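Below is one structure, written out as structure tokens, with a few remarks after it.
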Amino acid sequence: MKKELPKVYEPREVEGRVYEMWEKNGCFEGRRDPDKRPFTIVMPPPNVTGQLHMGHAMDCTLQDILIRFKRMQGYAALWVPGTDHAGIATQIKVEEELRKSEGLTRYDLGREKFLERVWDWKHKFGNRIVEQQKKLGASCDWSRARFTMDEGLSNAVRHVFVSLYNKGLIYKGSRIINWCPHCVTALSDAEVEYKEKPGHLWHIRYPIAGEEGRYVTVATTRPETMLGDTGVAVNPEDGRYRDIVGKKCILPLVNKEIPIVADAYVDMEFGTGCVKMTPAHDPNDFEVGLRHNLESIRVLDDNGKVVEGYGRYSGMDRYEARKAIVADLEEGGYLVKVEEHTHNVGTCYRCGTDVEPIISAQWFVKMEPLAREALRVVNDGEVKFVPDRFSKIYTNWMENVHDWCISRQLWWGHRIPAWTCEDCGGMTVSETDPTECQHCHSHNIKQEEDVLDTWFSSALWPFSTLGWPDEGSEDFKYFYPTDVLVTGYDIIFFWVARMIFSACEHTGKPPFHTVFIHGLVRDDKGRKMSKSLGNGIDPLEMADQYGADALRFNLITGNSPGNDMRFYTERCEAMRNFANKIWNASRFLMMNLTIDRCELPDRLELEDKWILSKLNSVIPEVTENMERYELGVAAQKVYDFIWDSYCDWYIELTKTRLQGEDEDSKLRAQQVLCYVLTETLKLLHPFMPFITEEIWQALPHSGDYLMLQQWPQHRAELDFPEEEKAMELIMDAIRGVRARRAEMNVPPSKKAQLTVSTLERAVFEQGIPFLKRLAYASDVTVEGVADAGSDDAMTAQGMVTVTTHAARLFMPLAELVDLEKEKARIEKELKKNRAELDKLEAKLGNPGFVNKAPAHVVEAEQDRAEKLRALLAKLEESAASMA
């Protein structure tokens, strides 16, 4: 007994039920199958603190489309989900809650108790984003969900750390690093975002030691760091300062002598050509300091405050100290001048605080040896970026990469597996917790307090989630390397590059063959969505209001690889209308359906061959677009076929047969309608999984679930190029007649005789039933092409003419309209629009308006004038035909 579809499609009623059916019956499970090729995607793990935003929705939708497509193509498809422990974000979140609810800090609890609180928070809230992804239809194998700090992945992290350390690729050293005074931790270069900010250039006199009245003037953007100056540098080619190189100058306010050195780093054209050297607070100064043996003195602490030993400045915040130091310099006569100066300032990617470069003992990964292979696999095409332009960005970054600072001053994360001996000072690095020093066997050893950068663990994600480092893992052997990484361009450096060099180093293979880059989802004005602007749009609210399918289709049809897209809420409404269109078309079919199997009949009519041929053309096109990651193009082609070819045309073309007395013709129409709809639902399924599954379940079918059906294939026996061309000629004629009638405001109920003059006489004779019903003709006569004089004679007889590239069609004007009323209406329209155009042309002819109004306003008025001229031309043509 066939299932009936309700009159109205209710996404909220359908989506949860359908998803539960899929999940309960194991439809998402990725199973090893020796007879199938694997296709693997690993989900970029969202932060465990995460709340689904529109960027997540885009990323999730793209991955789901690809995995559903490949699953239907017959691959052993596996989509591995998971979440990231998000070291900084999670620790800050829990610390804030602790402070607000109990007035405590993590130090009040101690490390062990604090980490218990974080785990409690993770168990309580960490699954929130997973449930949100399910609402979008994510067909992940949730039984394989991983967390970057679960046991298996933590073991992989330790294994990698020890391996790199033993190879000399991880080391601990004091170097300039990026420091966030708000998050109170080190950051890698990739975690620093540079923003152009207005500032100042302060010119300060440093007295030359022993030469009273002589000064050297330095220019700096950061006077607060001068407390830690240990030298002044000039360019060796700068003749202005050649005589002072090797001398000493006196550091104002601190009153100590510091050397003047010559170094090619100094830009003679910037500022005064003299640069103060603060090796502990500037990466370039640090390098100059190494070359000239300058002392490194750190004057700012971890919170960005001046350290003890600097009088009244000690304890001041860095910017508070800046004001005080500038005031004292001015009072002491050291400040020469202050200039406005715009420069790039490094900020923390997490909280936006200005980053402080400081010298600090941290752990680093040597990047140059690792970068070589990571560059080769991209340059040789083993890893391809889609679009390709992002490979150049990747290559440029990898060619200029610095050593990666991997230690973070946090408690939440993978604690660095290194122990220092309190007796001999030796370092023990081990995958398991040691009980004694490996050098002197003392039990007096202490583990590093710091944890590893979150990206260190997520760099292993494509292989650690599949069982590595156990290379005997059947999943690792079958599903690795993975196939496609889907991600935004904003984390190419954070994550993509690190996965590639980590995989190459540890598995000997690239982690995936394709990096599919998508852009950002912006608001309708093109702005980045953010809390500060208050322009964020909740994808779950959109899904609740319009349906997850409508949201998904909105995101995909506006999408092209690598490009940002604007999100328009109105398009969700349009996509909901599309869902309703499919639903109503399916209901119409089912109300007329008496068959219990969807298979094609032996005999086909012209319109049947047309729709089957159209479908047969669109299948390979959509498949090719999908294979090339042109998902937006593929979605648009499916949309056009369903809306235009199937719903607006084929259903209309078959209504006479469905409602007629010829039972054989009726059954054949049902079979084709059902077959085409079923195949079309398969094409649409990756994009709109819920509604397609619900409709398919109600249609005659074999198999349990649409999502596990075979992807449609091109069938050579369903190519009907001649019939397709013939049907298109008839349809062109119908469109032309309808458009002409619409111009003349003729209602469909008013029918008229239609005469067709054509070289394609046999084609149009086949189309007589369609012309009568869809072109609203009372009768249709098809004639061979007459001579030009006869056509002119027809026009002279008061016939309305419609011309297509295959025919001329004539309708008696008198049968369509009341001539006198129509003439009066057209005249009235002409008068009104001429007056409006005259007014507009006068405005555009006024130099005062054209020269003073904004360009876009002038362009809009010019565009309006063009449209009015085109409208008047049509009205005049209509008036002439009635003369």
Side-chain angles (χ1 to χ4, degrees), residues 65-66 68-70 72-74 553 556-557 560 578 581-582 585-586 589 598-654 657 668-688 692 695-696 699 706 709-736 760 763-764 766-767 770 774 804-806:
I65 289 169
L66 288 174
R68 286 179 184 272
F69 168 56
K70 289 298 180 179
M72 294 177 79
Q73 278 193 313
F553 215 74
I556 195 63
T557 49
S560 60
F578 176 53
K581 183 94 169 177
I582 302 163
S586 303
L589 169 60
C598 268
E599 57 185 11
L600 290 174
D602 296 329
R603 188 157 62 89
L604 299 167
E605 304 294 339
L606 174 65
E607 65 271 25
D608 301 334
K609 291 179 179 178
W610 168 75
I611 194 66
L612 290 169
S613 194
K614 292 284 283 186
L615 175 64
N616 217 28
S617 298
V618 87
I619 286 170
E621 288 180 15
V622 169
T623 304
E624 183 182 3
N625 291 139
M626 297 285 272
E627 299 282 11
R628 292 165 62 91
Y629 303 99
E630 297 163 348
L631 307 189
V633 176
Q636 190 63 52
K637 286 179 179 175
V638 178
Y639 175 96
D640 290 343
F641 178 82
I642 293 172
W643 191 291
D644 188 47
S645 301
Y646 187 76
C647 295
D648 283 359
W649 279 104
Y650 186 65
I651 287 177
E652 290 301 317
L653 292 169
T654 57
R657 291 164 64 190
R668 286 186 284 111
Q670 289 180 39
Q671 287 174 297
V672 178
L673 277 162
C674 190
Y675 174 85
V676 174
L677 179 60
T678 302
E679 294 300 290
T680 304
L681 289 173
K682 293 176 187 176
L683 290 177
L684 184 61
H685 177 76
F687 306 102
M688 301 180 85
T692 51
I695 293 170
W696 186 85
L699 291 169
L706 172 62
Q709 293 297 297
Q710 184 182 12
W711 183 255
Q713 304 290 312
H714 175 269
R715 294 173 58 179
E717 71 273 19
L718 297 182
D719 280 331
F720 301 108
E722 293 303 316
E723 289 86 346
E724 186 178 343
K725 179 183 175 185
M727 194 68 226
E728 295 286 356
L729 296 181
I730 296 165
M731 290 162 63
D732 279 349
I734 293 169
R735 289 189 193 99
E760 303 283 353
V763 169
F764 280 92
Q766 276 186 283
F770 307 125
L774 299 177
T804 70
H805 70 279

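Worth saying up front: this structure is predicted, and the values here are computed from it rather than measured.
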- Apply the test side-chain contact (heavy atoms from CB on, under 4.5 Å) to residues L683 and F641: give CA-CA distance (whole Å), side-chain angles for both, the deciding distance (0.1 Å), then the verdict. CA-CA 10 Å; L683 290 177; F641 178 82; 5.8 Å; no
- Message: Let's go through T680 and I582 carefully: what are the C-alpha distance in whole Å and the side-chain angles of both, what is the deciding distance for side-chain contact (heavy atoms from CB on, under 4.5 Å) to 0.1 Å, and is it a yes or a no?
- Response: CA-CA 10 Å; T680 304; I582 302 163; over 6 Å; no
- Message: Under the criterion side-chain contact (heavy atoms from CB on, under 4.5 Å), I'd like the reasoning laid out for T804 against L729: C-alpha separation, chi angles, the key distance, then a yes or no.
- Response: CA-CA 8 Å; T804 70; L729 296 181; over 6 Å; no
- Query: Step by step, would you call L718 with L600 a side-chain contact (heavy atoms from CB on, under 4.5 Å)?
  - Reply: CA-CA 10 Å; L718 297 182; L600 290 174; 3.8 Å; yes
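Between T678 and C598, the shortest heavy-atom contact is OG1-SG, 3.7 Å. Smallest separation of non-hydrogen atoms from G767 and I730: CA-CD1, 3.5 Å. In terms of heavy-atom proximity, P601 sits nearest to V672 at CD-CG2, 3.8 Å. Q713 approaches W711 most closely through the heavy-atom pair NE2-O, 3.1 Å. Looking at every heavy atom in both residues, H685 comes nearest to T692 through ND1-OG1, 3.0 Å. Minimum interatomic distance between H805 and D732 (heavy atoms only, all atoms of both residues): CE1-OD2, 3.4 Å.
Rounding to the nearest 0.5 Å places NZ of K581 at 11.5 Å from CD1 of I642. In this structure, CD1 on I611 lies 8.0 Å from OH on Y646, to the nearest 0.5 angstrom. R715 contributes atom CZ, which lies 7.5 Å from atom CD of E679 (distance to the nearest 0.5 angstrom). The line from CG of L681 to CH2 of W696 is 10.0 Å long, rounded to the nearest 0.5 Å. Atoms NZ and CE, from K70 and M626 in turn, are 9.0 Å apart once rounded to the nearest 0.5 Å. To the nearest 0.5 Å, atom OG of residue S617 and atom NZ of residue K637 are 10.5 Å apart.
A 4.5 Å side-chain heavy-atom check between L606 and L653 finds every atom pair outside the cut-off. In this structure the side chain of L706 never reaches within 4.5 angstrom of the side chain of I695, judged on heavy atoms. Residues F578 and M688 meet the side-chain proximity criterion, which asks for heavy atoms closer than 4.5 Å. Under the 4.5 Å side-chain criterion, counting only non-hydrogen atoms from C-beta, L612 is not in contact with N616. Side-chain contact check for M731 versus F770: every heavy-atom pair is 4.5 Å or farther apart.
Inspection of the E728 and W610 side chains reveals an N or O donor paired with an N or O acceptor under 3.5 Å. Side-chain atoms of D640 and Q636 include a donor-acceptor pair closer than 3.5 Å.
Counting non-hydrogen atoms of other residues, nucleotides and ligands closer than 6.0 Å to CZ of R735 gives a total above 12.
With S613 as reference, E724 is the one residue of E722, E724, K725, E723 to meet the side chain to side chain donor-acceptor pair (under 3.5 Å) rule.
Salt bridge present: R657 and D608 bring a charged side-chain N and a carboxylate O closer than 4.0 Å.
The aromatic rings of F687 and F553 sit perpendicular, their planes meeting at an angle over 60°, well past the 30° parallel limit.
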